[in-house]
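The block underneath contains the structure these notes are about, expressed in structure tokens.
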Amino acid sequence: MYRASGLRIMQQLRRRIPSEIQGLQNIKVAPALQTFTFQQQQPDRWTATSTASGKHSSAQVATPPPRHDWNRAVSEAERIVGYPTSFLSLRWLLSDEIANVALHLRKLVGSAHPLMKTAKHLLYNGKNTMQAWGLIVLLVSKAAGHAPSVPDVEQDKSAGVLHSQRALAEVTEMIRISHLVHNSVVNLQSSTQAGQDVATYDDMSFGNKIGLLTGDYLLGHSSAELANLRNQEVVELISSAVRDFSESEFIGERDEQNNPLPYKPGTFQRPSLSVGVDFNEHDVMTPMPIAQVLGNPEEEWECRNILNAGSLLGKSCQASLKLAGQSEELQRHAYRFGKHLALAWQACLDAEPFQCPQLPLDAAFSLVSAPVLFHLEHDPEMYAQLEAGKQSVDNIDYDKIHKAILAGPALVKTKELQRKHTAAALAVLQHFPATDARQALENIILAMQDL
């Protein structure tokens with residue numbers, strides 16, 4: 001039933017989205033569902049027998065560990081919570097407001113506005129977690145269950161979650177995507193090339209208008225949906241996550257387009273925090289002490305990405321259990337799980353541009369990503385190359401920096417950082433009951449490692 005419904009939605013989606021947007025990449029239906037159970041075992045072995053010169057010989061060959069498919073793990077997780085959770089793949093893409101946005105986006109096809117890249121990733125990139133955040137919130141909700149005092153009318157018994165938790169999952173995705181869309185806005189105030197070319201300037205100006213209106217619409221609608229939950233503590237938690245988004249934009253130096261730049265090595269000399277980077281565990285409303293982590297590559301990276309992503313996912317998981325009437329201790333475990341999962345995923349994304357020996361043409365990477373920060377610690381002289389980006393990061397020779405990072409230990413440290421937060425997320429999951437939802441979360445984490 002769910003698969004048939006999904007096919008109908010995709011057919012309607014193809015008719016509603018303009019052909020120019022649809023041409024970015026073909027939509028593919030996920031392969032048949034399959035349940036994964038991952039346990040640490042000895043590798044299976046099989047015996048191969050061959051004949052040579054009339055003699056028989058046998059050898060044991062170790063099979064490589066299986067790779068875990070991300071799309072299949074997500075499809076199985078969606079089945080567990082009832083149906084695909086993303087508002088992008090359900091009713092929202094069929095609404096008049098989003099359809100109008102898609103019509104206006106058609107005018108930006110062929111332009112260099114960053115909003116087009118964001119739209120493509122939202123609609124078609126199966127490896128991206130932009131559409132998986134609500135799913136994570138619902139899986140955590142189902143894994144933890146709800147208090148017996150919750151009325152039956154609040155429960156979605158077929159999916160095992162509450163109606164309010166499903167609404168919160170949609171709010172989480174809307175806030176996340178509104179932040180990404182707002183980040184696509186281009187600064188046109190200075191006399192850059194966009195201001196000198198009339199056609200380019202018009203495209204950029206129009207793209208900015210669409211980005212601002214779309215991001216504001218999603219953020220405003222999420223605020224209304226959040227208020228409808230009628231839970232003041234949940235409203236405070238999610239509001240503090242929106243505050244953290246804004247705070248993340250004011251860490252360190254920026255270029256003219258507000259792209260972040262790393263600190264000059266040696267600017268801050270502070271010892272590593274013994275308790276790690278995080279909010280006050282007993283009061284997550286208190287802002288993070290940013291000044292205490294600057295100068296330490298790992299802690300600075302964690303600070304930036306907790307504010308930029310981990311805060312929203314962690315606090316959404318915590319708020320979901322608050323709606324279910326769960327204990328404060330289990331709520332804190334839910335927050336830790338969301339935070340570590342977001343950081344593990346960000347480390348995976350940071351390492352992705354460095355998986356190939358050659359940087360693809362016109363490709364770039366964040367200058368505050370984990371590999372760059374770790375390499376600056378290893379080779380502070382590379383900062384001289386980054387100073388060219390203070391006017392615009394487009395002035396930086398990314399290919400040269402890419403080769404320097406591959407020759408150093410930064411990529412290895414980034415992989416260790418990903419494994420650290422992956423292990424922390426899996427460890428926190430052990431505090432939840434052993435259910436199919438918890439297994440689905442473990443499957444998603446393991447599949448993320450193989451991307």
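- Summarising the geometry of Trp301 relative to Leu343, their closest heavy-atom pair is CH2-O, 3.3 Å, with the distance given to 0.1 Å.
- At least one donor-acceptor pair closer than 3.5 Å links the side chain of Ser178 to the backbone N or O of Ile175.
- Using a cutoff of 4.0 Å between basic side-chain nitrogens and carboxylate oxygens, Glu442 and Arg438 are scored as salt-bridged.
- Using a 4.0 Å cut-off between a side-chain N of Lys or Arg and a carboxylate O of Asp or Glu, Arg79 and Glu76 qualify as a salt bridge.
- In this structure, Leu323 and His146 have side chains that are not in contact, with every pair of non-hydrogen atoms separated by 4.5 Å or more.
- Ring to ring, Phe365 and Phe354 are close: their centroids are under 6.0 angstrom apart.
- Under the 4.5 Å side-chain criterion, counting only non-hydrogen atoms from C-beta, Ile136 is in contact with Ile444.
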Show the numbers, then the answer: is there a side-chain contact (heavy atoms from CB on, under 4.5 Å) between His182 and Leu212? CA-CA 6 Å; His182 278 149; Leu212 283 172; 4.3 Å; yes
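- The nearest pair of heavy atoms linking Ala410 to Pro371 is CB-O, 3.1 Å.
- Taking the six-membered ring for Trp, His378 and His375 have ring centres closer than 6.0 Å.
- Counted within 6.0 Å of CD on Gln355, heavy atoms from surrounding residues, nucleotides or ligands total more than 12; the atom is thus considered enclosed.
- In terms of heavy atoms, Arg176 sits closest to Ala309 at NH1-CB, 4.2 Å.
- How far OG of Ser320 is from CD of Gln331: 10.0 Å, rounded to the nearest 0.5 Å.
- The side chain to side chain contact (heavy atoms under 4.5 Å, CB included) test with Ser164 is passed by exactly one of Val161, Leu168, Leu162: Leu162.
- Considering every non-hydrogen atom in both Leu139 and Ala440, the closest pair reads CD2-CB, 4.1 Å.
- Annotation: side chain of Ile405 is not in contact with side chain of Phe374 (no heavy-atom distance under 4.5 Å).
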Please report the C-alpha distance between Lys157 and Asp152 in whole Å, then the side-chain angles of each, then the deciding distance to 0.1 Å, and finally whether the side-chain contact (heavy atoms from CB on, under 4.5 Å) criterion is met. CA-CA 8 Å; Lys157 294 185 179 296; Asp152 289 347; 3.8 Å; yes
Assess whether side-chain contact (heavy atoms from CB on, under 4.5 Å) is satisfied between Val368 and Ile251, documenting all intermediate values. CA-CA 11 Å; Val368 292; Ile251 301 178; over 6 Å; no
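- Taking the side chain as every heavy atom from C-beta outward, Tyr335 and Leu237 never approach each other to under 4.5 Å.
- Side-chain atoms of Ser141 come within 3.5 Å of backbone N or O of Val137 as a donor-acceptor pair.
- Residues Val181 and Tyr217 are not in side-chain contact: their nearest non-hydrogen atoms beyond the backbone lie 4.5 Å or more apart.
- Applying the side-chain hydrogen bond (donor to acceptor under 3.5 Å, both in side chains) test to Glu298 and every residue at least two apart in sequence or in another chain returns Lys420.
- With rounding to the nearest 0.5 angstrom, the CD atom of Glu300 is 9.5 Å from the CG atom of Leu376.
- Ser239 places no side-chain N or O within 3.5 Å of a backbone atom of Glu236 that could act as its donor or acceptor partner.
- The line from CG of Leu373 to CG of Leu367 is 9.5 Å long, rounded to the nearest 0.5 Å.
- Here the straight-line distance linking atom OG1 of Thr172 with atom CD1 of Ile177 works out to 11.0 Å at 0.5 Å rounding.
- Within the 4.5 Å cutoff, the side chain of His163 has no heavy atoms near those of the Arg166 side chain.
- In this structure, Leu441 CG and Asp436 CG are separated by 10.0 Å, a value rounded to the nearest 0.5 Å.
- The minimum heavy-atom distance between Leu406 and Pro357, with the atom names listed, is CD1-O, 3.7 Å.
- For Lys142 (side chain) and Ile80 (main-chain N/O), a donor-acceptor pair under 3.5 Å exists by modelled atom type.
- Without hydrogens or angle criteria, Ser223 side chain to Leu219 main chain gives a donor-acceptor distance under 3.5 Å.
- Residues Asp350 and Leu417 form no side-chain contact, since every pair of their non-hydrogen atoms from C-beta on lies 4.5 Å or further apart.
- Taking every heavy atom of both residues into account, Ala143 and Ala437 meet most closely at N-CB, 3.7 Å.
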Working for side-chain contact (heavy atoms from CB on, under 4.5 Å), residues Lys315 and Asp244: CA-CA 11 Å; Lys315 291 178 179 179; Asp244 297 335; 3.0 Å; yes
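- Looking at Gln346 and Asn308, their side chains never come closer than 4.5 Å, going by heavy atoms from C-beta outward.
- Note that the CG atom of Leu426 and the CG atom of Leu341 stand 9.5 Å from one another [nearest 0.5 Å].
- At most 12 heavy atoms of other shown residues, nucleotides or ligands fall within 6.0 angstrom of atom CD in Glu233.
- Counted by atom type alone, Arg336 and His333 present one or more donor-acceptor pairs between their side chains at under 3.5 Å.
- Using modelled atom types and a 3.5 Å distance limit, the side chains of His421 and Glu302 yield a donor-acceptor pair.
- Judged by distance alone, the side chain of Glu173 and the main-chain N or O of Gly134 form a donor-acceptor pair under 3.5 Å.
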